[in-house]
Undergrad: 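Here it is: the structure, laid out below.
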Amino acid sequence: MNAADIRKTFTDFFASKNHTIVHSAPMVIKNDPTLMFTNAGMNQFKDIFLGNTHAKYPRIANSQKCLRVSGKHNDLEEVGRDTYHHTMFEMLGNWSFGDYFKKEAIEWAWELLTEVYKIDKDRMYVTVFEGDKKDGIPADTDALSFWKTHISEDRILYGSKKDNFWEMGDTGPCGPCSEIHIDIRSAAERKKIDGKILVNKGDPHVIEIWNLVFIEFNRLSDGKLVPLPAKHVDTGMGFERLCMVIQGKKSNYDTDVFQQIISEIAKQSGKKYGDDLKSDIAMRVIADHLRAIAFAIADGQLPSNNKAGYVIRRILRRAVRYGYTFLGFREPFIHELVQVLVKQMGDFFPELKSQQELIRKVIAEEEISFLKTLSTGIQRFENYIESNNGKKIIDGSFVFELFDTFGFPIDLTQLMAKEIWWNVDMTEFNKNMEMQKTRSRQAATVDAEDWIELKPVTETEFVGYDLLSADVVILKYRKVKTKDKEFFQVVFDKTPFYAESGGQIGDSGYFESNGEKFSIDDTKKENNLTIHITKKLPKELTATFKAAVDKEKRLLIENNHTATHLLHSALKQVLGTHVEQKGSLVDDERLRFDFSHFSKMTDEEILKTEQLVNEKIRQNIVLEELRDIPISEAKKMGAMALFGEKYGDHVRVIAFDRKYSIELCGGTHVHATRQIGFFKIVSESAIAAGIRRIEAITADKAEQFISNKLDIIMQLQDILKSPKDIVKSVTQLLEQNSRLQKQIEELQKEKALGLKNELIKKIKKIGNINFLAEQVTLDAVGAKDLAYAMKNDIEDLFLVLAYESEGKPGLSVMISENLVSEKKLDASKIVRELAKEINGGGGGQPFFATAGGKNAEGIEKALNKAVEFLT
RNA sequence: GGGGAAUUAGCUCAGUUGGCUAGAGCGUUUGACUGGCAGUCAAAAGGUCGACGGUUCGAUUCCGUUAUUCUCCA
């Protein structure tokens, strides 16, 4: 069975058990501060388990794209070294939300594995929870007795809380779990050691294949467990592992999921997979990481310099690094593999296929930039070796700097050091690393107190589409302390405040009761919970409050959000249908829209886009809002969905003329487009390969922008005495100007020459030195110019110039270089001496120095004193 | 969220106890050589030294704030 068949068999099987098959949610997560990427199949159902949302279907099954780069079982640096860990993987799962429980979950898992996939029963073991005295939970005898009907008791093992009790977090839903393990070792090995002993011991060939979680408790913040009214099933089976088992391989990487990619890498590098451990690891790393990056980009997460985007960048860089070190790649190569991946997975994941070109370009760009990072790192390394000639040991602090600041991989540093028989001070390096870590940890501690619940928490009703103020009560609140801030998070039963989402910033405003008014500074969403941020709490918490959104600000935000939709459609018309939204920011000041497009927009294209948007604004198109319609219907209407939508069978559709703009969107919009007034693009730029960014403004901001520009033109016209053609007249002026400039320069030269000649006449010969100390009516720069000019003309010069500018006295001393060396004269020292007379200080070089002071009366004295330095 | 670094001519970058009236290579323009292409030589143009504020007689250089980018940690 090939991988595609195995996947299909899974979904078909659960469909036959009355499960609804849903799509994989995007791998990139928005609106959850605790998670950047989907790391388990259950993520998209988290709200249901938390009780924030109701389940739409009682039974669900799917294959979910997941990404794991850190965590207790998975460290990015370990992926590829073994044969069964991955960054990106598919998790097959089935769920029950308050429907079936342990009996069916166990029965079906067993049926699917043994009867459908025909896996040898003799190789399987299962584990059940042994109970925990501290928590006061008994052993999972239910699971045990269900298992006994399928498998002999000596193949059932007890697991501790660590392995067999699943918790989502410190608090929240949790429960015992039951794992199915499989032994894929050879017969000879199995004879030597009983597979039972190796379960959960890290043997790569005795592995967990399916985890069945039975969610039946809720853990409170004091650590107590209470039974849940509705019990859920949450299962997860690693797709790649399953393929390995069914295809009779010893490594995930030997399955058809990876082999095509690996053989392409082998071809390009001229090495054979299986020949050498190090190059094998490199090929596995690259094959794995390619999948992670490609899917992340397809889901809308581009590599960038922070947060989720940086995680993606690092995964890619790790792949480049392995290719560079172990396979000898010196040129970008990973982007060439994209086509192989798309050929293989593009059918089941159409998002890969539709964005193939973008994925390729983005990866290529990133590869180039990392290869550059490597070469600057090598340069720095070589400079260090040269300037520490023969030291034979590289300072830990230097290695750390190379790593921490310039991103040069530590293992490359070690490799390069080894090649020239140098050592690296790793103790010092690790010390630096440890310091960095503790510093970060300290800064990251957000001290959130427990939620204080005033009323049972239900879903907060959002009324902000229709109302800007509402009577609300507080459901719960908590105090949060960060390093330099302290504030409260408040949850209402309903709210007109829009929580930051989909690029639109959160509303601000206030809530009040009994004449007491409290500002709401921001509104955020956490796990579907709308959180209002305020600095102060009312005394009477149980009162009914009037919660009101800052109306003006909201209107401006709506202008920009609707304009974003109009722009999106306009771009598709002007540039083509390949334009896809890649990011968006909407606030009360401006809108920022990132989209896929491969070349710089021309001035005409920008103009055309603006014209189209403004035309739509003038048409005063009325908002058509379909608040709760099935996603299938929305798609039929042609709504643009972004990065694939999260599961949920009802969505909100926003249309401004169905033929023009129709999008799935949760944001707030104007009632009719004329409110936007005017739309103006202020910049168009590149933010990544194949991605462009437009920044634009609307309404009074746009009006202001235009009137400022017009004002400049009016002023110009005024200044130029209203010519017919401003451009022509300015051009003429510029020409004239440069002509005059040259004349002035000549005149100034003449004048300076005059001044210079006048001064030259005053020069006194003292010994063989040409001495002059004079006051001039120049400023510091003029004096400097003059001094340099004099130096060029007069040999053996000793010149002191004094001047007064802006009421302050200044001195400049210029001494010919030959005098400096022959007579050991030092303008710097001299000027400091002279400056005493004007209550000042100064300095400079031996041949030229300046000083400034406060006492202009002293100028004459200073000039008189100058002659003393000649002897 | 925290730490480090970078930002200098159209491009790639030099420029350390703060003072050499800011430099190089490539590119651009002009001129000469040549039948043309190309090339060689010569010359020129081009810089608010990211922005703002401070210290100083003087800041590209030191300090602070900010923007953008890079990078490591959480």
Side-chain angles (χ1 to χ4, degrees), chain A residues 33-34 36 69-71 76 303-307 309-311 313-314 317 366 369-370 372-377 379-380 383 397-410 429-430 432-448 480-485 683 685-688 693 695 738 741-742 752 779-792 801-806 808-814 817 820 826-829 831-832 834-856 858 862:
Chain A
T34 63
M36 290 192 288
V69 284
S70 58
L76 177 61
S304 75
N305 64 343
N306 50 31
K307 304 268 166 67
Y310 191 58
V311 173
R313 175 171 284 173
R314 286 185 57 186
R317 289 158 45 109
E366 283 291 316
S369 102
F370 182 55
K372 203 175 154 194
T373 301
L374 288 184
S375 77
T376 55
Q379 191 63 50
R380 278 186 169 270
N383 286 348
S397 57
F398 171 75
V399 178
F400 184 73
E401 188 198 26
L402 209 54
F403 168 77
D404 182 65
T405 304
F406 299 99
F408 196 73
I410 181 69
F429 173 85
N430 289 327
N432 275 301
M433 199 74 203
E434 210 36 58
M435 270 161 61
Q436 153 109 307
K437 285 187 180 176
T438 45
R439 195 175 39 219
S440 288
R441 250 187 301 255
Q442 271 168 4
T445 47
V446 178
D447 196 7
V480 177
K481 260 190 243 173
T482 60
K483 209 178 88 189
D484 47 359
K485 266 182 284 178
S683 85
S685 59
I687 57 160
R693 166 172 293 177
E695 287 180 87
S738 76
Q741 194 81 44
K742 270 182 196 152
D779 61 359
V781 179
K784 192 177 191 177
D785 285 341
L786 180 61
Y788 271 86
M790 299 268 295
K791 183 186 75 159
N792 285 341
L801 293 175
Y803 49 86
E804 212 181 315
S805 97
E806 288 169 9
K808 285 183 179 173
L811 299 168
S812 298
V813 177
M814 174 65 84
E817 264 113 1
V820 171
D826 185 343
S828 180
K829 281 180 190 161
V831 87
R832 259 193 290 271
L834 296 179
K836 284 178 185 166
E837 303 299 336
I838 54 170
N839 287 348
Q845 302 120 284
F847 74 97
F848 180 73
T850 57
K854 294 184 189 93
N855 176 25

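Worth knowing before you read on, the calculation uses all heavy atoms, side chains too, and leaves out hydrogens, waters and symmetry mates. Here is the naming used below: chain letters follow the sequence lines, and residue numbers restart at 1 for every chain.
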Undergrad: It should be established whether A:R439 places a side-chain nitrogen or oxygen under 4.0 Å from OP1 or OP2 of nucleotide B:G4.
TA: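 For B:G4, OP1/OP2 do not have a side-chain N/O of A:R439 under 4.0 Å.
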
Undergrad: Measure CG/A:D404 against P/B:C70 and give the value in whole Å, please.
TA: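 So the CG-P distance, A:D404 to B:C70, works out to 16 Å.
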
Undergrad: If you take atom types as modelled and just measure distance, does the side chain of A:Q436 reach the base of B:G2 with a donor-acceptor pair under 3.5 Å?
TA: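 Indeed, a donor on one side and an acceptor on the other fall under 3.5 Å apart.
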
Undergrad: As a test of reading the structure: which of B:C73, B:A5, B:U71 is closest to the side chain of A:K437, going by heavy atoms?
TA: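 Nearest nucleotide to the side chain: B:C73.
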
Undergrad: Tabulate atom names and distances for all N/O pairs under 3.5 angstrom spanning the protein and nucleotides 45-49 of chain B.
TA:
none

Undergrad: Using atom names, set out every protein N or O paired with an N or O of nucleotides 21-25 of chain B below 3.5 Å, distance rounded to 0.1 Å.
TA:
from  : atom 1 : to     : atom 2 : distance (Å)
B:U21 : OP2    : A:Y788 : OH     : 2.1
B:U21 : O2     : A:D785 : OD1    : 2.6

Undergrad: Specify the separation, in whole Å, of atom CD of A:E401 and atom C1' of B:C70.
TA: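 Rounding to the nearest Å, CD of A:E401 and C1' of B:C70 are 14 Å apart.
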
Undergrad: Below 4.5 Å, heavy atoms only, C-beta onward: do A:T373 and A:F408 meet side chain to side chain?
TA: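 Result no, sub-4.5 Å side-chain heavy-atom pair not found.
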
Undergrad: Could you give me the CA-CA distance, side-chain angles and deciding distance for A:V813 and A:L834, then say whether side chain to side chain contact (heavy atoms under 4.5 Å, CB included) is met?
TA: CA-CA 10 Å; A:V813 177; A:L834 296 179; 4.2 Å; yes

Undergrad: Given the P atoms of B:C13 and B:A22, what is the spacing between them in whole Å?
TA: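 Straight-line distance between the two P atoms is 23 Å.
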
Undergrad: With rounding to the closest Å, how many angstrom separate the C1' atoms on B:G46 and B:G10?
TA: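 Here B:G46 and B:G10 have their C1' atoms 9 Å from each other.
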
Undergrad: Nearest whole angstrom, please: distance from the C1' of B:G1 to the CE of A:M36.
TA: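 For the pair A:M36 CE and B:G1 C1', the rounded distance is 12 Å.
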
Undergrad: Output yes when at least one side-chain N/O atom of A:R441 is less than 4.0 Å from OP1 or OP2 of B:G1, else no.
TA: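 Answer no for this pair, as no side-chain N or O of A:R441 is under 4.0 Å from OP1 or OP2.
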
Undergrad: Quantified in whole Å, what is the C1' atom distance between nucleotide B:A45 and nucleotide B:U30?
TA: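 So the two C1' atoms sit 10 Å from each other.
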
Undergrad: Do A:L811 and A:T850 have side-chain heavy atoms sitting under 4.5 Å apart?
TA: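 No, side chains not in contact.
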
Undergrad: Under the side chain to side chain contact (heavy atoms under 4.5 Å, CB included) rule, collect the residues that match up with A:P409, sequence neighbours excluded.
TA: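 With neighbours one apart ignored, the set is A:R321, A:F370, A:L374, A:D411, A:L412.
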
Undergrad: Quick one: salt bridge (Lys or Arg N to Asp or Glu O under 4.0 Å) partners of A:K854, sequence neighbours excluded?
TA: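 Checked A:K854 against salt bridge (Lys or Arg N to Asp or Glu O under 4.0 Å); zero matches.
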
Undergrad: For A:M433, report the nucleic acid contact type (base, sugar-phosphate, nothing); a contact means any heavy atom under 4.0 Å.
TA: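 Sugar-phosphate only.
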
Undergrad: Does A:T405 or A:F408 map to a spot on RNA chain B nearer the 5' end, using the closest nucleotide for each?
TA: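 Its nucleotide being nearer the 5' end, the pick is A:T405.
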
Undergrad: Run the salt bridge (Lys or Arg N to Asp or Glu O under 4.0 Å) test against A:E804 and tell me which residues pass, sequence neighbours left out.
TA: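 With sequence neighbours excluded, A:E804 shows a salt bridge (Lys or Arg N to Asp or Glu O under 4.0 Å) to no residue whatsoever.
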
Undergrad: Residues in side chain to side chain contact (heavy atoms under 4.5 Å, CB included) with A:S397, at least two apart?
TA: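 Once residues adjacent in sequence are excluded, the partners of A:S397 under the side chain to side chain contact (heavy atoms under 4.5 Å, CB included) criterion are A:D395, A:N432.
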
Undergrad: Figure out the NZ/P separation between A:K307 and B:C70, and round it to whole Å.
TA: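 Spelled out: NZ on A:K307 to P on B:C70 is 14 Å.
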
Undergrad: Testing the 3.5 Å rule here: is there a donor-acceptor pair between the side chains of A:R832 and A:S828?
TA: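 Short answer, yes.
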
Undergrad: Got a sec, which residues hit side chain to side chain contact (heavy atoms under 4.5 Å, CB included) with A:N855, two or more places apart in sequence or on another chain?
TA: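 Scan of A:N855 (side chain to side chain contact (heavy atoms under 4.5 Å, CB included), adjacent residues dropped) gives A:N839, A:E857.
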
Undergrad: Between B:C49 and B:U8, how far apart are the two P atoms, rounded to whole Å?
TA: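 Result for the P pair: 11 Å, nearest Å.
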
Undergrad: What's the CG-P distance between A:N432 and B:A5, to the nearest Å?
TA: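 Whole-Å distance recorded here is 13 Å.
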
Undergrad: For B:U71, take OP1 and OP2 only and decide whether either is under 4.0 Å from a side-chain N or O of A:R314.
TA: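 So the side-chain polar atoms of A:R314 never come under 4.0 Å of the phosphate oxygens OP1 or OP2 of B:U71.
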
Undergrad: Who are the side chain to side chain donor-acceptor pair (under 3.5 Å) partners of A:R317, not counting sequence neighbours?
TA: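 In terms of side chain to side chain donor-acceptor pair (under 3.5 Å), with neighbours along the sequence ignored, A:R317 is linked to no residue.
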
Undergrad: Would you confirm whether A:T405, through its side chain, and A:L402, through its main-chain N or O, come within 3.5 Å as a donor-acceptor pair?
TA: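 No.
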
Undergrad: Rounded to the nearest Å, what distance is computed from the CZ atom of residue A:F403 to the P atom of nucleotide B:U71?
TA: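 In whole Å, B:U71 P and A:F403 CZ are 12 Å from each other.
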
Undergrad: For A:F429 and B:C73, give me the distance from atom CZ to atom P, rounded to whole Å.
TA: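 After rounding, the gap between these two atoms is 8 Å.
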
Undergrad: Look at all strands and tell whether A:R380 reaches a base, only sugar-phosphate, or nothing, counting heavy atoms closer than 4.0 Å.
TA: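 No contact at all - A:R380 keeps every heavy atom at 4.0 Å or more from the nucleic acid.
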
Undergrad: Using the P atom as the reference point in each nucleotide, state the distance between B:A6 and B:C62 in Å, no decimals.
TA: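 Pairwise P distance, B:A6 against B:C62, rounds to 9 Å.
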
Undergrad: Using the C1' atom in both, what is the distance from B:A14 to B:C26, to the nearest Å?
TA: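 Each nucleotide's C1' atom is 15 Å from the other's.
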
Undergrad: For nucleotides B:C20 and B:G58, find the distance between their C1' atoms and express it as a whole number of Å.
TA: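 About 15 Å, rounded to a whole number of Å.
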
Undergrad: Distance between the P atoms of B:A44 and B:A38, in whole angstroms?
TA: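 Going atom to atom, P in each nucleotide, I get 25 Å.
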
Undergrad: Are there any protein N/O atoms within less than 3.5 Å of an N/O atom in nucleotides 55-58 of chain B, and if so, which ones and at what distance?
TA:
from  : atom 1 : to     : atom 2 : distance (Å)
B:C57 : O4'    : A:G841 : O      : 3.4
B:C57 : O4'    : A:G852 : N      : 3.0
B:C57 : N1     : A:G841 : O      : 3.3
B:C57 : O2     : A:T850 : O      : 3.3
B:C57 : O2     : A:T850 : OG1    : 3.0
B:C57 : N3     : A:G843 : N      : 3.4
B:C57 : N4     : A:G842 : O      : 3.4

Undergrad: The criterion is salt bridge (Lys or Arg N to Asp or Glu O under 4.0 Å); which residues satisfy it with A:K791, sequence neighbours excluded?
TA: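 Residues passing salt bridge (Lys or Arg N to Asp or Glu O under 4.0 Å) with A:K791: A:E817.
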
Undergrad: Report the distance from atom CG of A:L402 to atom P of B:G3, rounded to the nearest whole Å.
TA: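 That distance rounds to 22 Å.
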
Undergrad: Go through the steps to decide whether A:N430 and A:E434 satisfy the test side chain to side chain contact (heavy atoms under 4.5 Å, CB included), and finish with yes or no.
TA: CA-CA 6 Å; A:N430 289 327; A:E434 210 36 58; over 6 Å; no

Undergrad: Check the orientation of A:F848 and A:Y788. Use parallel for under 30°, tilted for 30 to 60°, and perpendicular for over 60°.
TA: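 The arrangement is tilted - the two ring planes meet at 30° to 60°.
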
Undergrad: Give RNA chain B the dot-bracket treatment, 5' to 3': Watson-Crick (N1-N3 with N6-O4 or O6-N4) or G-U (N1-O2, O6-N3) under 3.5 Å, [ ] crossing, | other strand.
TA: (((((((..((((.....[...)))).((((((.....)))))).....(((((..]....)))))))))))).

Undergrad: Would you please name every residue forming a side chain to side chain contact (heavy atoms under 4.5 Å, CB included) with A:D785, sequence neighbours left out?
TA: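 If we apply the side chain to side chain contact (heavy atoms under 4.5 Å, CB included) test to A:D785, skipping adjacent residues, the hits are A:V781.
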
